[in-house]
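We use all heavy atoms of the structure for the numbers below, so side chains are in, but hydrogens, waters and symmetry mates are not. Note that the numbering runs from 1 along the sequence shown for the chain.
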Amino acid sequence: MSLKELQIQDEYRSDRDNLLQDFYIPCLERSTVYNRAVGFFSSSSMAAVAQGLTAFIRSGGQMRLVTSPKLSDEDIEAIMRGLQERNQVIERVLIREFERELEQVVKDRLAWLA
């Protein structure tokens, strides 16, 4: 089922709806992009929607959060670690592509000579 096929209500109220089970988790499970601006953010909110985030991450989802600058030290450290790991992944992919490209250039050179 895609995000378009979900039966989404016009309005959700925390006093009568289960926002996690009725909205956030089903939407995240079917999304590939998640943009959110919030006044307060903590990693515990991500833990609450872990089920939906697992499917979101597996589908290559990209998340952008605009939050207040009040983050816990642990959250800041995790974000910094993620950025560093992202750069390492990008570096490994680029090196692998350059190595493939070089290999192809060598093969093409021999084909041109033939």
Salt bridge (Lys or Arg N to Asp or Glu O under 4.0 Å) partners of Asp10, counting only residues at least two apart: none
Taking the side chain as every heavy atom from C-beta outward, state whether Arg92 and Val89 have any atom pair closer than 4.5 Å. yes
Considering all heavy atoms of both residues, which atom of Leu20 and which atom of Val49 are nearest to each other, and what is their separation? CD2-CG1, 3.3 Å
Find the distance between CG (Leu53) and CZ (Arg58) and round it off to the nearest 0.5 Å. 11.5 Å
Side-chain heavy atoms of Cys27 within contact of Ile8, under 4.5 Å: yes
Verdict with reasoning, Leu28 to Gln51, per side chain to side chain contact (heavy atoms under 4.5 Å, CB included): CA-CA 9 Å; Leu28 281 171; Gln51 177 185 344; over 6 Å; no
Residues in ring-ring contact (aromatic ring centres under 6.0 Å, His included) contact with Phe23, at least two apart in sequence or another chain: Tyr12
As an exercise, state the distance from CZ of Arg30 to CD of Glu5, rounded to the nearest 0.5 Å. 9.0 Å
For a quick test of reading the model, state the closest non-hydrogen atom pair linking Ser59 to Ser31 and the distance between them. OG-O, 3.5 Å
Just do the side chain to side chain contact (heavy atoms under 4.5 Å, CB included) check on Gln62 and Thr32 with the steps written out, would you? CA-CA 6 Å; Gln62 294 187 355; Thr32 56; over 6 Å; no
Check the pair Asp17, Gln9 against side chain to side chain contact (heavy atoms under 4.5 Å, CB included), reporting the backbone distance first and the verdict last. CA-CA 10 Å; Asp17 297 302; Gln9 299 171 194; 3.7 Å; yes
Might you work through the side chain to side chain contact (heavy atoms under 4.5 Å, CB included) test for Met63 and Phe56, ending with a clear yes or no? CA-CA 9 Å; Met63 180 183 298; Phe56 179 78; 4.1 Å; yes
Search all heavy atoms of Leu65 against all heavy atoms of Tyr34 and return the closest pair with its distance. CD2-CE2, 4.4 Å
Go through it in stages, so that I can follow the logic: the residues are Glu74 and Arg81, the test is salt bridge (Lys or Arg N to Asp or Glu O under 4.0 Å), and I'd like the CA-CA distance, side-chain angles, deciding distance and then a yes or no. CA-CA 10 Å; Glu74 293 83 12; Arg81 192 171 50 251; over 6 Å; no
Salt bridge present between Arg16 and Glu11 (N-O < 4.0 angstrom): yes
Does Gln21 reach the main-chain N or O of Asn18 with its side chain, forming a donor-acceptor pair under 3.5 Å? no
Cluster link Ile76 to Leu83, ILVMFWY, side chain under 4.5 Å: yes
Value for CG (Asp75) from OG1 (Thr67), rounded to nearest 0.5 Å, stands at 9.0 Å
